[in-house]
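Here the structure comes first, spelled out in structure tokens, and everything after it is commentary.
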Amino acid sequence: MLLAISPLAVSHLVVACVWAAIWGTTDGMVSVVQQHRLVTLAPASAPVLLGLNSSAIYLGVAMGGGLGGLAQDWLSVTVLGVPAAVLALLATTITLAEGRIDTVKGSLRAAENRR
């Protein structure tokens, strides 16, 4: 959401400051939930999972920076948040779909165990 409205944030300094404050406050929240989920799924493997998770995050940051740099050749800097928002929405959709699949599998396993 914040990425999609980022083009509006460049129009005025006050708007940009409010946008940046909200972004800075909320940006890291996803990592905490993600790490909790990983530790819950496999507590014995938590150190390895958290290390791999951090590596994936850093790889994503590097790729995002590279792709963002390339995108500046095709788009105005003021609208770069829009394609980033589309990619974030795609990632969120995939994550939610995976979560639903895991929920269904867990329900099926629980039903089989009750038999």
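This chain uses plain numbering: 1 for the first residue, then up along the sequence.
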Subject >> Approximate separation, where rounding is to 0.5 Å, of L49 CG and N53 CG >> reply: 8.5 Å
**OP:** Identify the two heavy atoms, one from A21 and one from T25, that lie closest to each other, and give their separation to 0.1 Å.
**Re:** O-OG1, 2.7 Å
Subject >> From Q35 atom CD to L50 atom CG, the distance as rounded to the nearest 0.5 Å >> reply: 5.5 Å
Subject >> 4.5 Å side-chain heavy-atom contact, T40 and H36 >> reply: yes
**OP:** May I ask whether W23 and V18 are part of the same hydrophobic cluster, defined by side-chain heavy atoms of I, L, V, M, F, W, Y residues being less than 4.5 angstrom apart, directly or through others?
**Re:** yes
Subject >> Residue of the set I94, T95, L96 for which side chain to side chain contact (heavy atoms under 4.5 Å, CB included) holds with T92 >> reply: L96
Subject >> Taking every non-hydrogen atom, the tightest pair across A71 and L80 >> reply: CB-CD2, 3.7 Å
